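Working notes for the structure below.
Numbering of residues begins at 1 and proceeds along the displayed sequence. Owing to the predicted nature of the structure, the values given are computational and were not obtained by experimental measurement.
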Amino acid sequence: MDDMPIRPAFWNIPFWAQVSLYVLGLVAVGICIWGICRCVKLWREGRSERLPGDKKVRLLGLWRDAFLHRRLLKTPSGVIHFAIFWGFLFLFFGTATAVLDWDIGHYLFDMRFLKGNTYLAYKLILDIAGLAAFVGLVAAAVRRFILRKKTLERSWRFIWILSSLAAIIFTGFMVEGLRLASQQPAWAAFSPVGNLFAKMFLEIFTPAQLHGAHLTWWLVHAVAALLFVALIPFTYFGHMFKAPTNIYWRKLTPKGRIEKIENIEEQEEFGISKFDQFTWKQRLDMDACTECGRCSEVCPALRAGAPLDPKAMVLSLKKRLHHPDDRQLVGEIVSKEALWSCTTCGACVQACPARLDLPRAIIDMRRHLALEEGDFPPGLTKALQNTQSVGNPWGMDPASRLDWAKDLNLPIAKENEPVEFLYWVGCSASYDRRAQKIARAMVKILRAAGVSFAVMQEERCHGDFARRSGEEYTFQLAAEENIANLRKYQFKRILAHCPHCFNTLKNEYPQFEGGKFEVISHTQLILELIQGGRIKPVLKQPEKIVFHDPCYMARYNNSVGTPRKIFDSIEGLTRVESLQRGKTAMCCGAGGGQMWMESSTKKINFIRLTDLRKSASTVAVACPHCLTMFESAMSEDKVLNGMEIEELAEIVAKGLD
């Protein structure tokens, strides 16, 4: 042996095998590229859709989500996938580096760079990478087939998937071990796994047998690796390029914004009722599914026993994408019951490593049911009719909208009288007796801080629940009316204590002419007032609370720390956390129009409140809908009875007494 460590290219490999490797390699790469082009063509058959092209933001997101596994590393399964992904990625780069060293460096320039310390580092890194990937595959198999995670498929397909990857790594170590056993170089320790195999082989084989076994296993390893490359676009492994592509083309507009139906009066078709109406991006969404089941694990509807399984729905759409048939999209491929079960909470989007936007597809199919068929679940129709006729889903008299403040001498917005804040009260706090306490608490806080504010007499429902129920027409009429009224008055910012109001005014009204306003949530404003020294809440009696994050603030508007900073600044208040919190918090069950629908399934609000009860008997919320849902659950369940539900503004106002 030479004293200089150098990569032994094609050691013990006859010329015919070398030529065969190059030929089969070109064929495998050609098949792979053809398969990828075939997938791209399938996506492009969808309707056109223009997405913002901020390459820097998209590439940064791709690096964070696809390569650094920002979303996945918070779970054991994510750590396992990280090990497999980076293990194979290093092995791929190792192969590419070997090609550069031999096929280009050696043949074209008569020079090698995989030698000396560079080669030793190269071997050590690849051995560690291969071991990490192999251990990850074993852990994945244990999790899927022994621990038997509910959302993971247990079939011969996944036995083949995991075993084929493990076989590629194992045969690679076999080849390395047989070569080291034959050559016995002084630097064999820099291939720790291969050296372990070599020591075992030296006890089993003669020198002649080592050469024969090496050639045999080299051929097996080469064929297995090339077959894997060729089959990537046609198998489960296609997510290796589909998921990163979908991450790159992820939604960059506000997460809480739904696409507007332009020129709605002139449209002849609404939403999606046929598969060919999906856009190319929605087709990519379906095809990028990794089948990990994280969406189903976090879906509140599925947990409550509703007929919505996000993973099953996506896989049904994916199957239809690749295998067209004559079945109706809505009613056969996707059931109406499943569509109406979604709370649009965004938990599935938050959990998805490939950034699939399933709620968007659900709302598009709801638009077909709502605007073309007039098909609504029980309870929702009445709420929509009330909103259209009197401007609120309760059907209450618009003239009584400000009755909650008769004794407060509430300032009413007037033209040409500027104020700092226009306080958007919302329907819940205007008509629901329990939620009215939130509005009264906000008035108390604003006055204690000396804030200039007023409310708008003409305020009406902003239409959030209608839009998410597919009734875009009702939403657009409400938006245009509210924007016209808001434009009459002079104010710096709109203040909203309801996350649904906040999200609609901030993210969706700008889709309309004149609809762009500066909007602030009550949590943001209260924190500003506390940090600015304008209020200092102190509780007379100590309290221990657990905070429930609203979906439309935590997930859709990235507001997780703000309410916690408020609670932590209140003297006498102790805050504890539940297992599901922040962006992973479970929905209360009110969103997506569910608050107005009749459901025979076990209610989501009961499940969520039961979970919160494990942390504290007093639950703090920052949304009137969450307040209503939890109060309802508490009144109907003897186990939950006795808990206390408080809104954030109520706690702060109590601390100002």
Pair [X] + [Y]: basic N to acidic O under 4.0 Å:
| X | Y | value |
| --- | --- | --- |
| Arg355 | Asp65 | yes |
| Glu259 | Lys281 | no |
| Glu373 | Lys336 | yes |
| Asp549 | Arg581 | no |
| Arg401 | Glu459 | yes |
| Arg58 | Asp54 | no |
| Glu472 | Arg366 | no |
| Arg493 | Glu528 | yes |
| Lys382 | Glu598 | no |
| Arg250 | Asp285 | no |

In a check of side chain to side chain contact (heavy atoms under 4.5 Å, CB included) between [X] and each of [options], which one passes?
| X | options | value |
| --- | --- | --- |
| Phe491 | Phe453, Phe517, Tyr423 | Phe517 |
| Gln277 | Ile272, Leu329, Asp364 | Ile272 |
| Thr387 | Glu471, His462, Arg460 | Arg460 |

_Checking side-chain polar atoms at under 3.5 Å, does Gln594 have a donor or acceptor matched by the opposite partner on His625?_
no

_Do Asn558 and Lys583 pair up side chain to side chain, a donor and an acceptor below 3.5 Å, judged on atom types alone?_
yes

Straight-line distance of [X] [atom1] to [Y] [atom2], nearest 0.5 Å:
| X | Y | atom1 | atom2 | value |
| --- | --- | --- | --- | --- |
| Ser273 | His368 | OG | NE2 | 4.5 Å |
| Arg70 | Lys74 | CZ | NZ | 8.5 Å |
| Leu612 | Ile607 | CG | CD1 | 12.0 Å |
| Ile520 | Ile526 | CD1 | CD1 | 10.0 Å |
| Leu308 | Leu302 | CG | CG | 7.0 Å |

Is a donor on one side and an acceptor on the other found under 3.5 Å between the side chain of [X] and the backbone of [Y]?
| X | Y | result |
| --- | --- | --- |
| Ser400 | Asp397 | yes |
| Gln524 | Ser521 | yes |
| Arg468 | Ile363 | no |
| Arg564 | Val560 | yes |
| Asn605 | Met629 | yes |
| Asp432 | Ala435 | yes |
| Arg440 | Trp404 | yes |
| Asn246 | Ala288 | no |
| Lys544 | Thr618 | no |

Do [X] and [Y] make a side-chain contact, defined as non-hydrogen atoms from C-beta onward lying under 4.5 Å apart?
| X | Y | result |
| --- | --- | --- |
| Val619 | Glu644 | no |
| Asn507 | Lys255 | no |
| Ser430 | Asn392 | no |
| Val425 | Ile438 | no |

Looking at [X], I'd like to know if its [atom1] atom is crowded, meaning that more than 12 non-hydrogen atoms belonging to other residues, nucleotides or ligands lie closer than 6.0 Å.
| X | atom1 | result |
| --- | --- | --- |
| Glu577 | CD | yes |
| Arg534 | CZ | yes |
| Ile412 | CD1 | yes |

Aromatic ring proximity [X]/[Y], centre distance under 6.0 Å:
| X | Y | result |
| --- | --- | --- |
| Phe567 | Phe547 | yes |
| Phe630 | His548 | yes |
| Trp249 | Trp43 | no |
| His497 | Phe502 | no |

Search all heavy atoms of [X] against all heavy atoms of [Y] and return the closest pair with its distance.
| X | Y | value |
| --- | --- | --- |
| Ala361 | Phe278 | CB-CE2, 4.2 Å |
| Leu68 | Leu73 | O-CD1, 3.4 Å |
| Cys587 | Thr343 | SG-OG1, 3.6 Å |
| Lys506 | Pro510 | O-CG, 3.2 Å |
| Lys492 | Glu518 | O-CB, 3.8 Å |
| Cys501 | Gly426 | SG-CA, 4.1 Å |

*List the steps and the verdict of side chain to side chain contact (heavy atoms under 4.5 Å, CB included) for Val652 and Ile570.*
CA-CA 8 Å; Val652 174; Ile570 299 176; 4.0 Å; yes

*Which of these passes salt bridge (charged side-chain N to carboxylate O under 4.0 Å, His left out) with Lys488: Glu417, Glu481, Glu458?*
Glu458

*Stepwise side-chain hydrogen bond (donor to acceptor under 3.5 Å, both in side chains) check, Asn503 with Asn557*: CA-CA 7 Å; Asn503 181 72; Asn557 287 284; 3.3 Å; yes

*Under the side-chain hydrogen bond (donor to acceptor under 3.5 Å, both in side chains) criterion, do Thr344 and Tyr552 qualify, and how do the steps go?*
CA-CA 9 Å; Thr344 67; Tyr552 277 73; 3.0 Å; yes

_Aromatic plane relationship, Trp596 with Trp394 - under 30° parallel, 30 to 60° tilted, over 60° perpendicular_ = perpendicular

*Is the NZ or CZ atom of Lys260 both under 6.0 Å from the centre of the six-membered ring of Phe512 and within 45° of that ring's axis?*
yes

*Please step through side-chain hydrogen bond (donor to acceptor under 3.5 Å, both in side chains) for the pair Thr628 and Glu631, ending with a clear verdict.*
CA-CA 5 Å; Thr628 299; Glu631 290 278 358; over 6 Å; no

*Among Gln267, Arg467, Arg367, Glu265, which one satisfies side-chain hydrogen bond (donor to acceptor under 3.5 Å, both in side chains) with Tyr473?*
Glu265

*List the steps and the verdict of side-chain hydrogen bond (donor to acceptor under 3.5 Å, both in side chains) for Thr279 and Glu49.*
CA-CA 6 Å; Thr279 68; Glu49 178 179 359; 2.6 Å; yes

